[in-house]
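All values below were derived from every heavy atom in this structure, side-chain atoms included, with hydrogens, water molecules and symmetry-related copies excluded.
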Protein chains: 4
Amino acid sequence: MIHTAEYLFGKQGYTQTTIKDITTRAGISVGTFYFYFNNKGELFQHLYDEFAKKLQIISDFALKKSDLGVIEGFCRYKAAELWTFQQLQEIAKTMLIEAPGFDPLFEKKRAHTFHKSNERVEHIFKNLCKHGHVHIQDTKTAALLCNGSLYSVVMEWLQQNRTQPLTEYAYPIIIFNLNAFQLKYVEEMVQTYITETISDIDTFFHFNKWV
Amino acid sequence: MIHTAEYLFGKQGYTQTTIKDITTRAGISVGTFYFYFNNKGELFQHLYDEFAKKLQIISDFALKKSDLGVIEGFCRYKAAELWTFQQLQEIAKTMLIEAPGFDPLFEKKRAHTFHKSNERVEHIFKNLCKHGHVHIQDTKTAALLCNGSLYSVVMEWLQQNRTQPLTEYAYPIIIFNLNAFQLKYVEEMVQTYITETISDIDTFFHFNKWV
Amino acid sequence: MIHTAEYLFGKQGYTQTTIKDITTRAGISVGTFYFYFNNKGELFQHLYDEFAKKLQIISDFALKKSDLGVIEGFCRYKAAELWTFQQLQEIAKTMLIEAPGFDPLFEKKRAHTFHKSNERVEHIFKNLCKHGHVHIQDTKTAALLCNGSLYSVVMEWLQQNRTQPLTEYAYPIIIFNLNAFQLKYVEEMVQTYITETISDIDTFFHFNKWV
Amino acid sequence: MIHTAEYLFGKQGYTQTTIKDITTRAGISVGTFYFYFNNKGELFQHLYDEFAKKLQIISDFALKKSDLGVIEGFCRYKAAELWTFQQLQEIAKTMLIEAPGFDPLFEKKRAHTFHKSNERVEHIFKNLCKHGHVHIQDTKTAALLCNGSLYSVVMEWLQQNRTQPLTEYAYPIIIFNLNAFQLKYVEEMVQTYITETISDIDTFFHFNKWV
DNA sequence: AATGAATGAGCATTCATTCAT
DNA sequence: GATGAATGAATGCTCATTCAT
């Protein structure tokens with residue numbers, strides 16, 4: 001039923017999807033739905049929490065490698081995010097695009113996740129500044145710009161036909177941001193980092209499935 | 001009535017705002033509303049068209065200056081966008097954040113405007129490539145990244161308390177993008193371009209009011 | 001529609017009567033119902049207020065006569081109450097019997113009306129005590145007993161077949177209470193007072209119809 | 001579980017109390033409930049029967065005394081009723097106040113009990129008439145008035161704060177009715193009868209607990 | 001005996017839209 | 001041009017009851 005809800009929310013949007021739509025398609029009764037969730041919003045919250053958790057799990061995994069250099073870390077983090085959005089594309093559409101609009105209660109949750117992601121990136125930048133790799137005045141805005149550039153590609157991909165894998169956009173996105181922050185890099189290494197990350201995650205995921 | 005609709009959509013969201021909300025607040029009857037618009041969606045479309053038109057008008061004005069250099073053009077374009085979003089902040093929230101979610105019909109329109117904006121930026125990049133200022137492989141993705149970075153700041157600003165003017169973010173956004181595309185610039189000049197643009201638009205707007 | 005609601009509430013009870021029952025029988029749409037009342041409870045409140053108001057109007061009228069003696073006043077008051085319950089028998093059933101059970105919000109209103117009626121009777125008793133007509137220690141409980149004896153007859157009548165007019169019970173009820181409070185009376189006069197009151201009210205009502 | 005149901009019906013009312021409310025609070029499963037009762041109504045019927053039976057038991061006990069005079073019998077009967085209502089106050093509220101409203105099936109049962117109580121009182125009155133103690137024309141209405149006056153005090157007590165014991169109202173209620181039927185009595189004796197009855201029942205109940 | 005997940009008919013309420021005046 | 005009462009399909013949610021285990 002949860003999978004059905006993800007599918008329908010992604011396809012028709014949260015508001016346009018009725019409880020009956022979900023239950024009929026999932027082959028259960030309305031009562032059963034309300035046995036597991038108190039209301040429609042609670043289902044959405046659950047989906048969102050799962051979404052945020054998965055995003056976290058993959059990012060954590062990608063950064064777990066030892067002797068992680070600045071550039072490599074950045075590449076792995078971004079590649080991992082793209083891989084996850086691709087994996088969760090059905091529900092991602094609802095989470096990233098529709099969700100902000102329909103419920104002030106939920107809006108808080110979304111804002112919180114978004115800020116956590118921003119803080120994460122900001123933290124990376126602050127570290128880079130401290131080690132003299134780069135000079136950024138307003139790290140908060142910098143994080144926003146960095147995340148925003150990635151999200152714009154993800155959203156465009158979600159709203160278009162998704163012909164090619166989202167992860168193929170990792171390279172231009174990363175190069176764009178490395179340049180933006182005037183970080184020095186070797187093009188071939190960037191590509192290697194990305195490929196390795198995707199491969200690592202695929203293997204990890206194949207054996208663990210969100211554990 | 002149109003202004004009331006903008007206000008209420010921005011405050012409560014499109015779905016949460018009823019026709020009666022709008023007409024009561026605007027001091028007209030429901031019947032009168034349906035004399036001017038065939039349905040709720042048409043009102044939104046109208047608002048959206050107006051929004052897109054205004055965005056266009058200000059961008060056009062900002063780029064009308066003679067002897068416009070590459071960097072100056074970029075600065076003026078971005079500053080103009082920010083100025084407009086700040087000016088139209090009430091409805092901008094609905095247009096940028098909520099709209100994508102609630103109707104496939106609107107979605108097309110929104111996508112169209114977004115693509116036009118992207119194409120505009122892409123066009124700039126293609127020109128830059130042609131004159132050898134910069135080397136960009138995938139100009140489409142580049143435009144997406146460039147726009148996305150700006151939008152992320154706008155959205156954050158719209159959803160937060162909006163204490164400082166949105167235009168104050170012009171400088172970090174522009175620097176971020178100029179670096180990202182490895183364009184050479186003089187920091188003082190960038191700031192000057194921005195200040196001049198804002199000043200020009202203010203004057204223009206003071207006399208013309210969206211004409 | 002209001003009359004339909006009164007009829008159905010009286011026949012099936014408040015809870016068992018759906019909005020659709022009312023609207024279908026009244027030949028209007030559900031939407032129309034909600035145009036006039038915000039919810040089911042509000043309709044009930046309205047019915048109750050009307051009920052209480054009418055009870056008040058008739059009592060006031062019955063006691064408006066000049067040179068009203070103690071016994072006559074008591075007789076007229078009780079006769080007037082019975083006449084009103086008979087007149088409003090459909091809704092009275094809901095108000096007196098069902099209402100106390102289904103809504104704490106409404107319960108307050110009901111309690112208030114009930115207390116006002118009690119206070120009215122209590123006030124009569126206090127006056128009687130002052131003029132030495134009777135000696136009652138606990139006038140509050142006395143009023144309760146007096147009202148309760150009448151209500152029990154009304155309720156029984158409402159729940160049974162209602163073959164004879166409720167007003168025919170006025171005489172035994174009044175005699176019962178006059179005795180209970182050891183008031184001296186002439187049997188024939190009591191009967192005359194009752195007959196006169198009913199006749200007065202019938203005439204008044206025929207011309208004024210709840211004003 | 002039965003006690004839980006009594007408690008919840010008394011607190012929230014029959015309609016507002018769900019089967020789940022009862023089973024959860026009683027620490028049993030819904031299935032178990034339906035093993036003992038076929039449906040919600042049957043539980044209520046059971047509660048009602050128990051309630052009526054207890055009322056009967058105490059009344060019977062109170063009247064079992066030998067050499068019972070007319071006045072003493074009346075006093076003992078009324079005092080016993082009040083004692084029982086006080087004892088069963090939780091469920092009494094539902095039985096006396098709410099029950100009449102929600103189901104024609106219950107209504108019959110309630111009416112039956114009420115009539116039995118009335119007949120009992122009527123029987124007393126008929127005896128009094130036969131022995132010339134009193135002259136009552138319509139004994140049925142008389143019984144109604146007599147019972148009604150007591151019920152009104154009970155209901156008021158149930159709906160208010162219940163600060164003082166219900167049995168303290170026995171004296172005014174009885175005096176009221178003795179006067180109403182023009183029965184001669186000695187005030188001190190009435191008070192003695194009441195006190196004795198309460199004391200007898202307390203002792204009986206202490207050893208037998210509804211047997 | 002006991003469990004509790006599953007059922008689904010049924011209800012109050014909303015709101016974009018219509019149309020007679 | 002303007003009004004606003006009327007419409008009714010559609011939705012989220014409840015809860016007594018069932019039944020496989």
Asker: To the nearest angstrom, how far is A/Q16 atom CD from F/dG12 atom C1'?
Answerer: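 After rounding, the reported distance stands at 15 Å.
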Asker: Rounded to whole Å, how long is the line connecting atom CG of C/D21 with atom C1' of E/dG10?
Answerer: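 So the two atoms are 11 Å apart, to the nearest Å.
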Asker: If you look at every strand shown and take non-hydrogen atoms under 4.0 Å, does B/F35 touch a base, only sugar-phosphate, or nothing?
Answerer: sugar-phosphate
Asker: Rounded to whole Å, please give me the gap between CD in B/Q12 and C1' in E/dC15.
Answerer: 14 Å
Asker: Counting only Watson-Crick pairs (N1-N3 plus N6-O4 or O6-N4) and G-U wobbles (N1-O2, O6-N3), all under 3.5 Å, who is the partner of F/dT21?
Answerer: E/dA2
Asker: Need to verify one output field. Residue with the more 5' nearest nucleotide on DNA chain E, B/N38 or D/S29?
Answerer: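 Here D/S29 is the residue nearer the 5' end.
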Asker: Is the distance from the ring center of A/F51 to that of A/F44 below 6.0 Å?
Answerer: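 So the answer is no for these two rings.
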Asker: Rounded off to whole Å, could you give me the CD1-to-P distance for the C/I19 and F/dA9 pair?
Answerer: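 Rounded to the whole Å, the gap is 17 Å.
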Asker: Just call it for C/N39: base, sugar-phosphate, or nothing, with non-hydrogen atoms closer than 4.0 Å on any strand.
Answerer: sugar-phosphate
Asker: Please determine whether side chain to side chain contact (heavy atoms under 4.5 Å, CB included) holds for the pair D/E42 and D/H46, giving the CA-CA distance in whole Å, both sets of side-chain angles, and the decisive distance to 0.1 Å.
Answerer: CA-CA 6 Å; D/E42 208 167 79; D/H46 174 80; over 6 Å; no
Asker: How many Å lie between CZ on B/F37 and P on F/dA2, as a whole number?
Answerer: 13 Å
Asker: When the C1' atoms of E/dA1 and F/dT21 are considered, how many whole Å apart are they?
Answerer: 13 Å
Asker: Classify the nucleic acid contact of B/Y36 as base, sugar-phosphate or nothing, counting any heavy atom under 4.0 Å across all strands shown.
Answerer: sugar-phosphate
Asker: Calculate the interatomic distance between B/M1 atom CE and F/dA2 atom C1'; express it in whole Å.
Answerer: 14 Å
Asker: Report yes if some heavy atom in the side chain of B/H112 is under 4.5 Å from a heavy atom in the side chain of B/H115; otherwise report no.
Answerer: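 When only atoms from C-beta onward are counted, B/H115 and B/H112 do not touch, as no gap falls below 4.5 Å.
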Asker: Return the nucleotide paired to E/dT7: Watson-Crick means purine N1 to pyrimidine N3 with N6-O4 or O6-N4, wobble means G-U with N1-O2 and O6-N3, both under 3.5 Å.
Answerer: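 Partner of E/dT7: F/dA16.
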Asker: Please figure out whether A/T32 or B/I28 has its closest DNA chain F nucleotide nearer the 5' end.
Answerer: B/I28
Asker: Figure out the CD1/P separation between D/I22 and E/dT3, and round it to whole Å.
Answerer: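 Value for this atom pair: 16 Å.
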Asker: Between C/Y34 and E/dT14, is there a side-chain N or O to OP1/OP2 distance below 4.0 Å?
Answerer: no
Asker: Given side chains that start at C-beta, do those of A/T23 and A/T4 come closer than 4.5 Å, heavy atoms only?
Answerer: no
Asker: Would you say the side chain of B/T32 lies within less than 4.5 Å of the side chain of B/Y36, judging by non-hydrogen atoms?
Answerer: yes
Asker: By nearest heavy atom, map A/K20 and D/G31 onto DNA chain F; which one lands nearer the 5' end?
Answerer: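 So the residue in question is A/K20.
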Asker: Measure from CG on A/L43 to P on F/dG12 and round the result to the nearest Å.
Answerer: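 Computing the A/L43:CG to F/dG12:P distance gives 11 Å.
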Asker: Just call it for B/T18: base, sugar-phosphate, or nothing, with non-hydrogen atoms closer than 4.0 Å on any strand.
Answerer: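 If one applies the 4.0 Å heavy-atom cut-off, B/T18 turns out to touch the sugar-phosphate alone, with no base involved.
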